[in-house]
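Notes follow once the structure below has been shown.
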Amino acid sequence: MSGVLTSIFTNRWCSSRGWVLGLALTCLIIGADTVTADQRELQNQRSSVDVVLVFDASGSMLKTDPQNLRFESAKLLLSFLGDGDRISVVQFSDSAKVVRDLQPFSKTMAPQVMEQVQALTPEGQYSDLSEGIKLAKAVLDASHRPEAQKLMVLLSDGKMEPDPKTSLAFARTLELVHDILPDLKTKETKVFTVAFSEFADRPLLSEIAAATDGLTWYSATPEELHRSFAELFLAVKRPQVVAQTGRGFKIDDDVEEATFYINREPGNALSLISPKSELLSLEKHPDWATWFSGQNFDVITLKEPDPGDWRVTGTDHSDGFATVLTDLKVLTDWPLVVRAGDTPLVQARLYEETKPVSLPEMSEVLKFGVQIVRTDQVATPMLQEPLRDDGKGGDKVALDGIFSVPVRLDQVGEYKLTIVAKSPTFVKSQQIPFSVRPRLISLEVESDTEHEEQHEHHGDGSSHSADAHEVTPEVNENSILRVRVSKEAAAYKDTEVTVELLSSDRRKVKIPVKREGGSALESSTTLESVKQDGEYTATAVIRGTTKKGEEVSATSLPVRLVFKRQTEQEPTPEPVVEKPKEEHKEAPAELPLIPLALVITVGSAAAAALISRTKKQAKKSAATVQKYVPHKQLIDAISALEEKISTTTVEINDPIFGILEKQGGGDDVPPAEVSEPEVANTSDVAQKEQEVPTQDQAKVDALPDDI
C-alpha cells in the first residue's frame, strides 16, 4: 500500500512539526500489506449499477405531472450515471413494453437515451402499475451482474387503474404488494419512487419503495426534483463528497476527477473560476471539462482538476455539492432503511483504492464524526457525535481501523447522514440519505390505572444507546395489550404472534394473541394469564416464513410495566371430608282439616279468612320443626285454593278438597306423580264430576313425594 497515502503523510506533514511521526507512518505503510484488515462488518460497496427507468405513459400523467417533471427526472438520472453502469427504459400504461434493452452506458450516450425518453408520449386510458414493475424485474433478472447494484426508478403517479376487462385494481395491488415486491427485496432490487403532484397516490408509491428498502420523494417543483435525484445519487453511488460553501468548493490535490452539482435560478448562467483564475462556463470550457445544464441546476465534471478553491458565480444557492474521485476515500456502513427504535452502528473506514487502511497509528491520527439531520422538515442537526476506534461506546474492536458509534432514532421520517474524516492533511466526506420507518411489529399497553394509555417509548431522536426516561404504567388482569404488525410482516406465511413477558426474577410468561375481526394487522390480548404481581418487560413477537421457506421473526420495542391484580386469586380448594349426617325422623307438620260445612255455611269471605289463618298456622307449625321448609308447589296449591274461594262458591265435592284431605290424612303420603285412576279413587263424587283434570288438579298432581 503506497502511492497516495504515502504522499499525504510524507510530503505534506513531514514539512511540519509532525515529520517524525510522518516518517514512522511511511515505514509502516510500506509494509502494510502484511497487516490483516478486519473486514467483519464493513465491505467495499458495489459502485456500478444496473437501472431500469420505469416510465408511466398513461393519460393520467397529464394531470398528475402537469410540468412534465418526469422528463427532467430522466435527465438527472442520466447525469448521475457513468462508465460501468447499464440502463434500460420500460414504458407502461394499460400494458408494458421495453423501449431500451439493458445496455452499457457512457456520458456520450446520454443524448441518445434522452431522445428515446422524450419520444414517450401519454397513451392509453388505463394504468397498470404492476405490469410495468413486473417487466422491469424480468429485464433485470435476465441479465444479472453480481458486481452491480440492481434498482428501478419509477416515474409514475402510482395510480393502479387496470383495464377492468382484464383485472380489478385491488387484485393487481394485492399481487404487487404480496408477490412482486417481496420477490424484488429477496433479490436485493431496490425501487425508488417520485411523486410529482398532490394528485399522485403517494401512499402506494411510498409502500413500493419501503417494501424494497428503496427511498421515495415528493417533488412538485424542479428545484425539489433536483434535490431528490441528488439524494438518489448519494444513496446509490455513495461518492466522496465536498460540500459547497458560500464561495465554492475546496479540492484536494489527490482528486483525480470532480463533479459539481450546483443549484441555480432558472435563466441564470453559472461560471466556475479555477484556483488559477481561469473562467469556465457552459459556452466556454476546456476539453477536460464536461458541462450539463438543466432547468434549475448544472452538472460539471472536471478531469484532474487543479487543487485549491474553486469559486462559483451566478447563483445564491449554497446547498450544492461536489463528488470527487480519489484513491483515498471513506466508506460508510449504514442502511437506507432504519426501523424506529433500533440501535444500529454507524461504521466508517478509510480505503485506499480497494484496500482498507488498517493501521493502529492511523486510528490515532484520524478523526471521524457523524451528523444526522432530518430532511422532510426544517430542523437543526439531531445528532453530532464522534466515532470511536478504542473498543468502547459501541465500537467492537480497538484500533482495527473501523470507527463506530451506535445511533438510535425513534421518529419516523426522512434523514441524511454525513460522515466526515479528518486528518492533519486531508478531509474526506460521505453523505447518505435514509428513511426511518415504523417497526414490523409494535406493542401498546392500554391501562385503566393512573396512566390511561401507555405507548411504547418514543424519544426525541437525539439519543443513542442510553435509554431515555419513560413512565412505567400500572396494569392489571383487565388491561389490554394491543399488537400491530406492518403489511410486510403480515405477508409472512404461517405467522404466529405472541406477547412475551419477562419478570424481574427472570420468569417468563408467553401469551398468544388473537386477531381482531379477522384483521392481519391488529391483534390484542389481556393479562388474565399472569398470576403473580410484580414488574415485567413485555415484548411482542411475530414469527413466520417467507415465500421461499425462510424462517423470519421480528420483535417490538420492549415495554416495562407493573402488574397488580385487582381481584384476589381464589385459593385451590382443599378436599373436604363430609361427615355422615344424623337423620331426624320427625313427622312433617300436618295441615289441619278444614270443616267443609263451615266453608259452605260461612261463605266465601269467611272461608278466605279461615284459609289465610290456616296457612299462618301451617307456617308456624313448620317453624317448630327443625330444617323443614314448605314446598313451593304446596304453597302454590293453597294459593290457588285461596283464589278460587275468593271469587266463587266452592262446591263440597270439588276434587281439590279430596286431595288436600288425603294429603293431611296420615303418614302414607301418595307419590308426587299420581296416576289418574288413583286420583279418581280418592272420592266417588269427584269421579262423577271430574272426568278430565282441571288446571288446579294438574298443579296438585305434580306435588313431589317429600311433601
Problem - Those residues that, when tested against Lys416, pass salt bridge (charged side-chain N to carboxylate O under 4.0 Å, His left out) (two or more places apart) - result: none
Donor + acceptor pair across side chains of [X], [Y] (<3.5 Å):
X	Y	value
Ser58	Ser93	no
Ser60	Asp157	yes
Gln430	Thr332	yes
Thr545	Glu551	no
Arg238	Thr323	no
Thr64	Ser197	no
Ser293	Asp298	yes

Practice task
Could you tell me which non-hydrogen atom of Pro275 sits nearest to which non-hydrogen atom of Asp306, and how far apart they are?
Solution key: CG-O, 3.8 Å
Exercise for the section: Heavy atoms only: give me the nearest Leu204-Gly158 pair and the separation to one decimal. Expected result: CD2-O, 3.3 Å
Problem - Lys422 atom NZ: more than 12 heavy-atom contacts under 6.0 Å - result: no
Problem - CD/Gln103: more than 12 non-hydrogen atoms of other groups inside 6.0 Å - result: yes
Practice task
Please step through side chain to side chain contact (heavy atoms under 4.5 Å, CB included) for the pair Asp50 and Ser143, ending with a clear verdict.
Solution key: CA-CA 9 Å; Asp50 288 344; Ser143 181; 5.8 Å; no
Practice task
Kindly assign one of parallel, tilted or perpendicular to the pair Trp217 and Phe192, based on the angle between their ring planes and the thresholds 30° and 60°.
Solution key: parallel
Problem - Criterion side chain to side chain contact (heavy atoms under 4.5 Å, CB included) on Leu120 and Val89, from CA distance to verdict - result: CA-CA 10 Å; Leu120 302 178; Val89 180; 4.2 Å; yes
Practice task
Measure from the ring center of Phe92 to the ring center of Phe55 and say whether it is less than 6.0 Å.
Solution key: no
Exercise for the section: Determine, for Phe196 and Arg70, whether the Lys NZ or Arg CZ falls below 6.0 Å from the six-membered ring centre while staying within 45 degrees of the axis. Expected result: no
Problem - Ring-face cation contact, Tyr351 with Lys329, 6.0 Å cut, 45° max - result: no
Exercise for the section: Give a yes or no on whether a salt bridge exists between Asp342 and Arg408, defined as a side-chain N under 4.0 angstrom from a carboxylate O. Expected result: no
Practice task
With sequence neighbours excluded, give me every side-chain hydrogen bond (donor to acceptor under 3.5 Å, both in side chains) pair touching residues 265-280.
Solution key: Glu265-His317
Handout entry: Nearest-0.5 Å distance, CG of residue Asp254 to NZ of residue Lys428
Key = 3.5 Å
Exercise for the section: For the residue pair Ser130 and Ile180, establish whether any side-chain heavy-atom pair is separated by less than 4.5 Å. Expected result: yes
Practice task
Please determine which of Phe229, Phe80, Phe249 meets the ring-ring contact (aromatic ring centres under 6.0 Å, His included) test together with Tyr261.
Solution key: Phe80
Problem - Backbone N/O of Thr216 and side chain of Thr193: donor-acceptor pair under 3.5 Å - result: no
Exercise for the section: Go through the steps to decide whether Glu224 and Arg227 satisfy the test salt bridge (Lys or Arg N to Asp or Glu O under 4.0 Å), and finish with yes or no. Expected result: CA-CA 5 Å; Glu224 291 173 346; Arg227 187 177 299 109; 5.8 Å; no
